[in-house]
Amino acid sequence: MNRKNTFLLSILCLITMATMAQPSAHSITELKDSWKMQRFGQNVWVNATVPGCVHTDLIANHLIPDPFYRDNEKSLQWIDKYSWVYATTFNVDKNTAEKQNIELNFKGLDTYADVYVNDKLLLSADNMFINWHVNIKPVIREGENTLRVFFHSPIAMGLLLRDKWNIEPPMGFNFDFGPGIPNITGAASDFPAVGPYTRKAGYMYGWDWSPRLTTSGIWKPVYLEAWDNERIENLQIIQKSVTARSASVVTVVEITAVTAKEVSLTLGYTSGKEVVLNQPRTVKLVPGINRIEVPNNIPNPRIWWPNGLGDHPVYEFQATLSEQGRTLDQLTTKTGLRTVKLVTKPDQYGESFYFEINGIPVFAKGADMVPTDIFPSRTTPEHYRTLIRSAADAHINMLRVWGGGIYESDLFYDLCDEYGIMIWQDFAFAINIIPNDEANLKSIRQELTDNIRRMRNHPSIVLWCGNNETEMIWDIFTKGLFGFKTEDAGVDFMTSILNMLPKVPVKPETTEAVMKAYDDIFYGLIPEVVKQEDLNNRPYRTSSPIGGWKVPSNAKSGDMHFYVAYVNAPFEIYYTLKSRFFSEHGFQAFPDFNTVKKFTSAEDWNYLSPVMQHHQRASGGNQVLDKYMRMYYRYPKDFETYLYVSQLMQADVMKMSFETHRKWRPYTMGTLYWQLNDVWPVASWSSMDYMNHWKALHYQVKRSFADVILTPTWFRDTLTIHVVSDVPKPVKGTLEVKVIDLNGKELKKFTQSVQMEGNASKQLVMKPGKQLLAGIDTTNAVCLVTLRNGASVVTENHCFFTANKNLSLAKNTLTRKITPSGDGFTIEVSSTAFARGVFLSTTSEGFFSDNYFDLMPGEKKTVTFTPEKKIEGFDKSLKIFSLADTY
Ligand code: BMA
């Protein structure tokens, strides 16, 4: 919700204001100036930035080194053991001081904070996700006032809360993910796990892709607000029905009033060039909360569609309270008109699990999103926009905001609305049993209420989900249940996971207490608050992954999380392991050399160096990547090519998963990969690294998530080819299948006509190897498949008949021609022979329109490079090589 106006809305305002005289009687001032900070008891104040946090202020004052550089993190573990104080002064003018209501509005206090105004303690905050409103009218004075915020050490508070709850959850639970895991060389913490007991983002205590930098601070803006009798608290737009012909919506305006009063309420909305203003209506306010419901019918509405299926128009609704021509208060909110359903109905396979948007079943293609930084208060709007635009450019239509992070910023949801990216929204709980004592339940209720109210009008949000993996872990460790048959993977999954975790005996009464705590929150409190606060009836799932309500994750219903490395399986397991909806699956890679150079020095340039291992938090560490690299690729000759091959490998295995999941529609109706982004520079599952550089995987996502694809797959000595379409338009054309050698000589060719309705998958070819490859040397062959409609290529793809390490790839086959164009360069790359994973890099920051692509013999490919700022000597700094050049 927003009290500022966009252009058209200002038109709307102008029209409204024309009928009224003065600006709104409700003043809002952000308190962001002259903040100071000190470690409690040291009495040495340094400049501070609000919003911000202790770590970023210590860095800015050169009191600590960059925590990301090498293994500096280890030496900074003292910070979370201390308490810190933030202080400023603010001025209150006569007009404000005379207002009936004056409050401080803290959008986010991380986490245990005592707030003093003019030395009076007015608030003890205990939850970083709550929007704290502090009534300061009784203590405020005209002129200068003081504000002090005392942050208690989150570790000290966590220990107290842990002891207060005094229930030791069973093994597998309630450890701080990072330091709690054996063989992690990261910043060990000899403190017992406290994360699960605090209402603070879990990843801040360390995770298997995150450092342990447990900060404190005023991480969101703080406002001084003053108003007289009435204030509009929030607007909710309930979408009763939405069809192409009309949308019936109800605007629910919540107004608080101190005393009874008659005022005028005017509602209006804008969308595109359309501006609609309803007749002002008289409202009799009573003391307390007033809920006014105003039905509206919008003819020929502009419908909001997910990315790839249509536009994503947004409507901006505005409510204005006035009295005799004077604006008392105003509030706007945005939404998009669409219908959302999660279809979980019995079918011949089990129970379906797919999203239906505006009546159309949508195959969800996307990723899991983690916070944008270990210090989220410092993420810039540009960083967010690049991230979401990059997701949309790669045909992503869904992001899951993962439960171990934060409820994302308003800008994030606005961008997802704008780019048509559906949101699977976890509440902020992951893999841990949460105390259900009264104080914690009260705090969680407020947290849920504040965040659901803040997020509920966003059209992008299509599902609420209780937590990440807590039910799965419970099913594994107490029932030995898991979503898929381990024999598929050929290893005992349980053993590999059980070996990973500390052994803690379990008392039966503990199990009972833990189950009750879990049910109280995820089967009780959360669905109740969701029902109460989100009147658009979005679906709610208690956890991810699950098979259903109290049904463990399984292959026939619900969603699934799957990690090939955790089951120690070959990549080909992706061709057999089924689920109705993959909400997590992934494989790791290192960031690119440019990013690695930012946190290392030359002596660290080896994947087993202590620093490179420090920037790896997953169980099994860098050795897992090395093991798989040796299984499928020839061993890289140096550190730079090692990083490159790790990225190519990540892209290749995920290509296998994406194309297989898509061809399994309608059985499988979603593939979300772990993870889209990083919180610091690290080896991880991400497709975009901490610098927002596209890894090889992100370029592959763009290819594999295209609207229409062909999926040539060589498995168990058989070539199968499916055509898959995620758009309603029927697919028509000619399929051409060619086997060529790596110099381009045609060895085999056949064609066939293709006809398929839209939003479907169809197997076009199933050819046993004996028939297809008779007399062909598979180390010197590639299978090209192309779908043409007349002369134009609808889509193309290719596959190999053996692992990359067996391919007899030619070295140094690449040539390039560079032409300056616009603010960047056009690079024409060609190859005399088949080139695998052509990689373009330069030391300047910028963006390559394509990369890590395969080139057919004689094929010319044009790529553009857009530097972040003007550069010289691009020709010299541009490096191009392919897989064959790495060994
Ligand atoms: C799942 C996720 C994350 C984790 C990822 C990789 O557990 O939910 O918790 O980071 O796997 O291990």
Side-chain angles (χ1 to χ4, degrees), residues 172-184 186 193 195-196 201-212 366-371 374 399-406 424-433 465-477 482-484 493 496-501 541-546 553 558-569 579 581-589 615-625 628 650 653-654 657 671-680 682-687 690 697:
F173 282 109
N174 290 29
F175 49 85
D176 289 346
F177 212 92
I181 298 274
N183 78 24
I184 292 294
Y203 81 108
M204 290 180 170
Y205 295 91
W207 214 267
D208 60 355
W209 36 265
S210 176
R212 182 187 176 90
D368 298 276
M369 166 126 177
V370 297
I374 190 69
L399 288 176
R400 170 173 169 243
V401 177
W402 169 77
I406 59 172
W424 170 314
Q425 179 67 47
D426 282 10
F427 292 109
F429 305 96
I431 311 188
N432 283 321
I433 298 296
C465 177
N467 66 67
N468 173 67
E469 290 188 347
T470 307
E471 227 157 293
M472 173 186 95
I473 302 271
W474 181 262
D475 293 329
I476 290 177
F477 291 105
F482 195 72
F484 67 95
F493 168 71
S496 61
I497 285 271
L498 288 175
N499 295 344
M500 219 163 74
L501 286 164
R541 304 276 291 183
T542 52
S543 184
S544 176
I546 53 171
S553 172
D559 63 323
M560 181 184 287
H561 293 186
F562 170 67
Y563 288 86
V564 66
Y566 289 164
V567 291
N568 216 359
S579 132
F581 193 103
F582 288 90
S583 47
E584 277 193 23
H585 65 106
F587 194 80
Q588 286 200 326
H615 286 255
Q616 163 64 276
R617 296 299 156 95
S619 72
N622 292 341
Q623 288 81 338
V624 171
L625 289 178
Y628 277 96
Q650 182 193 35
V653 62
M654 298 307 285
S657 69
T671 184
L672 308 184
Y673 64 91
W674 184 267
Q675 63 202 79
L676 176 72
N677 58 321
D678 280 327
V679 297
W680 74 317
V682 67
S684 85
W685 296 262
S686 69
S687 67
Y690 178 67
L697 171 57

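Only heavy atoms go into these numbers, but all of them, side chains included; no hydrogens, no water, no symmetry mates. Ligands are counted one by one from 1 in listed order, and the atoms in each one are counted from 1 as well.
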Inset, instruction - Number the atoms of ligand 1 from 1 as they appear, then name those within less than 4.0 Å of a heavy atom of Glu469, with their elements. - result: 1 (C), 2 (C), 7 (O), 8 (O)

Inset, instruction - Evaluate the ring planes of Phe582 and His585, with Trp represented by its six-membered ring, and classify them as parallel (under 30°), tilted (30 to 60°) or perpendicular (over 60°). - result: perpendicular

Inset, instruction - Enumerate the atoms of ligand 1 whose separation from the nearest heavy atom of Asn468 is less than 4.0 angstrom. - result: 8 (O), 9 (O)

Inset, instruction - Measure the CG-CD distance between Leu399 and Gln425 for me, rounded to the nearest 0.5 Å. - result: 11.0 Å

Legend entry - Min N/O separation His561 to ligand 1 under 3.5 Å: no

Legend entry - Per-atom contacts of ligand 1 with Tyr566, taking only distances under 4.0 Å to non-hydrogen atoms: 6 (C), 12 (O)

Legend entry - Gap separating the CZ atom of Arg400 from the SG atom of Cys465, nearest 0.5 angstrom: 6.0 Å

Inset, instruction - For Glu584, counting its heavy atoms only, list the atoms of ligand 1 lying under 4.0 Å from any of them. - result: 1 (C), 2 (C), 8 (O), 11 (O)

Inset, instruction - Could you tell me whether Trp209 and Trp402 have their ring centroids closer than 6.0 angstrom? - result: yes

Legend entry - Between OG on residue Ser543 and CD on residue Glu469, distance to nearest 0.5 Å: 8.0 Å

